[in-house]
There are 2 protein chains.
Amino acid sequence: METETATRWLTDEEQCAWRTHVEVNRMLTYQLERDLQPFGLTMNDYDILVHLSETDDHRMRMSDLATATLQSKSRLSHQITRMENAGLVRRENCESDRRGLYTVLTEDGMETMRKVAPHHVASVRRHFVDLISPEELDALHKALTPIAEHLRSQRGKP
Amino acid sequence: METETATRWLTDEEQCAWRTHVEVNRMLTYQLERDLQPFGLTMNDYDILVHLSETDDHRMRMSDLATATLQSKSRLSHQITRMENAGLVRRENCESDRRGLYTVLTEDGMETMRKVAPHHVASVRRHFVDLISPEELDALHKALTPIAEHLRSQRGKP
DNA sequence: CCACTTTCGTTCGCATTTCAACTTCTTAGG
DNA sequence: CCTAAGAAGTTGAAATGCGAACGAAAGTGG
């Protein structure tokens, strides 16, 4: 009885596309991180600031923030401690659920966002958005959407 | 005198595409890493094995490997030490440049590759390649190519 | 009201990554 | 030849990251 199925290796085109994708991701991460360094922020810091600044009251529950930023609770906890020490955010108790905590953006954190955001956007443009046509960007988006959906549905499965 | 140029924020389409791209990268990395775990390998391990197995003599200079895998020398050095302890690779002196070292794939390492590669390819297919049409994949590739070129040219600049 | 299970967030132990020396060897200039 | 500059790798300590175990607080079913 045949249990082994012949491996469907990637075709040249597939392999090439795949490798480019991986390569772009790594180099892009590297560059964006690099461009944020002068401001003393990492992408992780920045991402958290963005999420917080986009809520009405500039606060988010730890769990939600962990989910939104795709990191473990443990990692987020450490991360928030660091950002708290840096004065960017502070923790605040949640009245309705006394197990819970809010991460709240401080005025300093908001100020940092206002200062850094333009540079980050410029960085994203310089290394990504402005390098391709709107049509290509759209094609990229369309291609990635089903993948994003699939991956979201996979999160935290066996 | 005006030194500030008004920030060109991302349009909705740009922002959406950008965020999807970032999100896909993070989730994809997570999934691939996850799928490799049962074999006791990380993506980093695997990537190194791939590079080595693709050279004729299954060996590469540390520096070249560091460049190829986009990591610092220090990181690679630690990484290779771990892989050496796991029996996947070994270090070998370089005769032409006595500062230099080769990382050489062991038979064990090669065997591991043969065993793991099919699963990894399946993983790449399941979470990426097979989720979109060849046309979309091609569009993706075409869109990413200029970005990859730009980023390569930026590596290690001021 | 009382167990039982689940959720929230932190902490601990351990692995990985970074950063800044440091050693050894090569190369270039005089 | 000799010295200074640079390149190849390593090292150790500090920062960061992850999974498991944990305590506290909610929710749930009898």
Side-chain angles (χ1 to χ4, degrees), chain A residues 26 29-34 36-38 40-48 51-52 59-86 88-104 155-158, chain B residues 26-27 29-48 52 59-86 88-104 155-156:
Chain A
R26 286 208 252 183
T29 303
Y30 177 77
Q31 278 298 335
L32 295 180
E33 207 81 55
R34 192 189 177 79
L36 278 179
Q37 265 179 22
L41 294 180
T42 63
M43 275 293 275
N44 204 354
D45 295 328
Y46 187 80
D47 199 31
I48 288 172
H51 278 283
L52 290 177
R59 78 188 51 218
M60 252 178 136
R61 286 289 294 270
M62 294 294 268
S63 285
D64 298 337
L65 196 50
T67 303
T69 58
L70 302 173
Q71 45 191 340
S72 69
K73 296 173 174 203
S74 165
R75 180 176 172 187
L76 182 67
S77 187
H78 289 298
Q79 174 72 27
I80 293 300
T81 301
R82 267 173 258 139
M83 293 178 73
E84 205 171 13
N85 291 336
L88 298 170
V89 302
R90 82 186 115 81
R91 282 182 234 246
E92 213 167 88
N93 288 329
C94 173
E95 291 147 30
S96 59
D97 185 342
R98 281 191 300 184
R99 290 167 304 182
L101 290 177
Y102 284 107
T103 302
V104 190
R155 302 257 317 148
K157 274 197 189 174
Chain B
R26 286 208 252 183
M27 293 194 297
T29 302
Y30 177 76
Q31 278 300 333
L32 295 180
E33 206 82 54
R34 191 188 179 80
D35 289 348
L36 236 27
Q37 266 179 23
F39 302 99
L41 294 181
T42 62
M43 275 293 276
N44 204 355
D45 295 327
Y46 187 80
D47 198 31
I48 288 172
L52 291 176
R59 77 188 52 218
M60 253 178 136
R61 286 289 294 271
M62 293 294 268
S63 286
D64 298 337
L65 195 51
T67 304
T69 59
L70 302 173
Q71 48 191 335
S72 69
K73 294 170 173 211
S74 168
R75 181 178 170 184
L76 182 67
S77 185
H78 288 298
Q79 174 74 26
I80 293 300
T81 300
R82 267 172 259 139
M83 293 178 73
E84 206 171 14
N85 292 336
L88 298 170
V89 301
R90 82 186 116 83
R91 282 182 235 244
E92 213 166 88
N93 288 330
C94 174
E95 293 146 30
S96 59
D97 184 340
R98 282 191 300 184
R99 291 167 302 182
L101 289 177
Y102 284 107
T103 302
V104 190
R155 301 259 314 149

Self-check item: Pairwise 5' ranking along DNA chain D for T42(A) and S96(A), keeping only the more 5' one
Solution: T42(A)
If you round to the nearest 0.5 Å, how far is [atom2] of [Y] from [atom1] of [X]?
X      : Y       : atom1 : atom2 : result
S96(A) : R61(A)  : OG    : CZ    : 6.5 Å
T67(A) : L76(A)  : OG1   : CG    : 9.5 Å
L65(B) : L101(B) : CG    : CG    : 12.0 Å

Compare all side-chain heavy atoms of [X] with those of [Y] and state whether any distance is below 4.5 angstrom.
X      : Y      : answer
L36(B) : L32(B) : no
N93(A) : R98(A) : no
R26(A) : D47(B) : yes
Q71(B) : I48(B) : yes
L41(B) : L88(B) : yes

Quiz item: Between Q37(A) and R34(A), do the side chains contain an N or O donor and an N or O acceptor separated by less than 3.5 Å?
Solution: no
Just the table, please: protein N/O against nucleotides 22-24 of chain C N/O, every pair under 3.5 Å.
none

Quiz item: Do any of residues 72-80 of chain B sit with a heavy atom less than 4.0 Å from DNA chain D, and if so which?
Solution: K73(B), S74(B), S77(B), H78(B)
Exercise. State whether the side chain of D45(B) and the backbone N or O of T42(B) hold a donor-acceptor pair below 3.5 Å, judged by distance alone.
Key: yes
Exercise. Return the set of residues passing salt bridge (Lys or Arg N to Asp or Glu O under 4.0 Å) with E84(B) (not counting sequence neighbours), or none when no residue passes.
Key: R91(B)
In whole angstroms, how far is the [atom2] atom of [N] from the [atom1] atom of [X]?
X      : N       : atom1 : atom2 : value
I48(B) : dT16(C) : CD1   : C1'   : 13 Å
D45(B) : dT16(C) : CG    : P     : 8 Å
E95(B) : dT26(C) : CD    : C1'   : 17 Å
Q71(A) : dC8(C)  : CD    : P     : 16 Å

Quiz item: M83(A) and T103(A): side-chain contact (heavy atoms from CB on, under 4.5 Å), yes or no, with the steps?
Solution: CA-CA 10 Å; M83(A) 293 178 73; T103(A) 302; over 6 Å; no
Practice problem: Using a heavy-atom cut-off of under 4.0 Å over every strand shown, decide if R82(B) touches base, sugar-phosphate, or nothing. | Solution: base
Quiz item: Any salt bridge (charged side-chain N to carboxylate O under 4.0 Å, His left out) pairs touching residues 62-75 of chain B, not counting sequence neighbours?
Solution: none
Practice problem: Residues of residues 59-67 of chain A with any non-hydrogen atom less than 4.0 angstrom from an atom of DNA chain C: list those, numerically ordered, please. | Solution: R61(A), M62(A), S63(A)
Exercise. Taking heavy atoms of chain A and a 4.0 Å limit, find me the 5'-most and 3'-most nucleotide of DNA chain D within that range.
Key: dT16(D) to dA26(D)
